[in-house]
Protein chains: 2
Amino acid sequence: MALRHAVLAALLEGDGSGSGGEYSGYQLAKAFDIGVANFWHALPQQLYAELTKLEKEGLVAGRQVVQETRPNKRLFRVTEAGLAELEAFAATPSKPSFIRDDLLVKVQAADCVDTGPLIEQLEERASVAEAKIELFGKLLRKMRGELDEAEFLRRGERIGPYLTCLRGLALEQENKEWGLRVAAVLRERRAVHAER
Amino acid sequence: MALRHAVLAALLEGDGSGSGGEYSGYQLAKAFDIGVANFWHALPQQLYAELTKLEKEGLVAGRQVVQETRPNKRLFRVTEAGLAELEAFAATPSKPSFIRDDLLVKVQAADCVDTGPLIEQLEERASVAEAKIELFGKLLRKMRGELDEAEFLRRGERIGPYLTCLRGLALEQENKEWGLRVAAVLRERRAVHAER
DNA sequence: GAAAGCATGTAACCGGTTACATGATTGG
DNA sequence: CCAATCATGTAACCGGTTACATGCTTTC
């Protein structure tokens, strides 16, 4: 039961554009897709359900916003109780991080299956990673504003998302590099195989 | 429903020590802990259940081994049908990889919670990562035997597990580096905060 | 005119986690 | 003597995924 904490942590950021510390379910889902997906994956339905639960427990507070040209929405912010919950969570020992990756399963079996489709998927993965690398680069620049990184990390106001984004960036760089390298290795072996 | 494929892929390796391509449930659980955990996480109960299911479907074959000094066990190997299943799986598009990490959730909220316990956890995480780095280094050396890496990747027989292990190594190096860096950043900020 | 974006959910199902259960042998 | 290792499961519960449901507005 830790989706709740991921939601609370994401909600702290609000959307920056204005009221600060507020997200609708829809906006939250988008934020998850971009920044939070590096360390927590969740579907929109889960988020809507979790927000409802958190509201009942008083950990977030929602307010209705009536819109004319758009459907109405509810904006949520973390309450005092929510903060306390996060605080408590931050002090408990962390579970080991946990990964699931189809593509790695396939590479594990690379000696026994046709590597053609694998090479394709690895290169596809690398190009997705490259797109994320660029995105994260932009996000980081935006967050740190005019300060350089060292300065920002020393005196910036909200460094949490910056630090997790750095992690995401490193992960995707690793993803790209590894994917291209493995694809190259498998190609080379296909060539050697074909020679004989 | 992809645990089955992770099990099949892991089973392909057997345990090296002897009969090749055979694991008991118990051994499989250990293999998951070491090599496979980098890209797939599963509890022993799941593995026992999955092996039973796979056997019913004919994707693996089990044989009973009676032992006197130890409890009896069943050793499983991948069948032709199992290989075909893996082959088919390898050719389908991969789901995006999926991560869950408590510690990153906490770092995301670092601006709003006490960073003391966070720093501890980050350093703990880094030292766990270091242990894994050493372990993977040994595993890689063992797998490649007397060949150097480039040579092994060109002509080695079973490179699948080697390639996934390389990924695990890179991941843990990244983990360690990031953990130490973030811990240092948070420490520095505590110091600055204390000054005022 | 079609597709993408805004906005929020419900319901059924299935996979994963937690807790429980057993019991002999070997090493520190 | 206690802990760890070998060895295999069952059962209840809960969280996550898949599929379904709606409907208006903006952009291409």
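So you know, we letter chains A, B, ... as the sequences are listed, proteins then strands, and number each from 1. Given the structure is predicted, the values throughout are model-derived calculations rather than measurements. Any value given below was found using the heavy atoms of this structure, including those in side chains, with hydrogens, waters and symmetry copies removed.
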Looking only at atom types and distance, does a side-chain atom of B/Trp178 sit under 3.5 Å from a main-chain N or O of A/Leu163, one as donor and one as acceptor?
-> yes
Just by protein heavy atoms under 4.0 Å, how would nucleotides 15-20 of chain D read 5' to 3' in B, S and -?
-> SSBBB-
A/Lys30 side chain near C/dG5 phosphate (N/O to OP1/OP2, under 4.0 Å) | no
Counterpart residues, ring-ring contact (aromatic ring centres under 6.0 Å, His included), relative to B/Phe89 (two or more places apart) = B/His5
With a cutoff of under 4.5 Å between side-chain heavy atoms, which Ile, Leu, Val, Met, Phe, Trp and Tyr residues group with A/Phe98?
-> B/Phe98
Co-members of B/Tyr48 in a cluster of I, L, V, M, F, W and Y side chains, linked at under 4.5 Å | B/Tyr26
Quick one: what's the B/S/- string for nucleotides 22-28 of chain C, heavy-atom cutoff under 4.0 Å, read 5' to 3'?
-> -B-SS--
For the helix from C/dG1-D/dC28 to C/dG28-D/dC1, what angle lies between the axis at the first five pairs and the axis at the last five pairs, to 10 degrees?
-> 60°
Are A/Tyr26 and C/dC6 close enough that a side-chain N or O sits under 4.0 Å from OP1 or OP2?
-> yes
Within this structure, what is the CG-to-P distance between A/Asp33 and C/dA7, rounded to whole angstrom?
-> 16 Å
Whole Å only: how far is the CG atom of B/Leu47 from the P atom of D/dA7?
-> 15 Å
List, by chain and number, the other hydrophobic cluster members for B/Met1, where Ile, Leu, Val, Met, Phe, Trp and Tyr join if side-chain heavy atoms come within less than 4.5 Å, directly or indirectly.
-> none
Look at A/Tyr48 and C/dG9 and indicate whether a side-chain polar atom (N or O) is within less than 4.0 Å of OP1 or OP2.
-> no
Just grab all the salt bridge (Lys or Arg N to Asp or Glu O under 4.0 Å) pairs involving residues 112-137 of chain A, residues at least two apart or on different chains.
-> A/Asp101-A/Arg125, A/Asp114-A/Arg190, A/Glu123-A/Arg187, A/Glu130-A/Lys176
Could you state the CG-P distance from A/Leu75 to C/dC6, rounded to the nearest angstrom?
-> 14 Å
Partners of B/Gln46 by side chain to side chain contact (heavy atoms under 4.5 Å, CB included), sequence neighbours excluded?
-> B/Leu3, B/Ala42, B/Leu43
When the distance from CZ of B/Arg74 to P of D/dA7 is rounded to whole Å, what number comes out?
-> 14 Å
What closest approach, in Å, do B/Leu51 and B/Val60 show between heavy atoms, and which atom pair accounts for it?
-> O-CG2, 4.0 Å
Nearest-angstrom distance from the residue atom CD of A/Gln67 to P of C/dG5 | 17 Å
So which pairs with a foot in residues 159-168 of chain A pass side-chain hydrogen bond (donor to acceptor under 3.5 Å, both in side chains), sequence neighbours left out?
-> A/Arg144-A/Tyr162, A/Glu149-A/Tyr162, A/Thr164-B/Gln108
Identify, with sequence neighbours excluded, every residue that meets side-chain hydrogen bond (donor to acceptor under 3.5 Å, both in side chains) alongside A/Arg4.
-> A/Glu50, A/Glu57
Got a sec, which residues hit side chain to side chain contact (heavy atoms under 4.5 Å, CB included) with A/Asn38, two or more places apart in sequence or on another chain?
-> A/Phe136
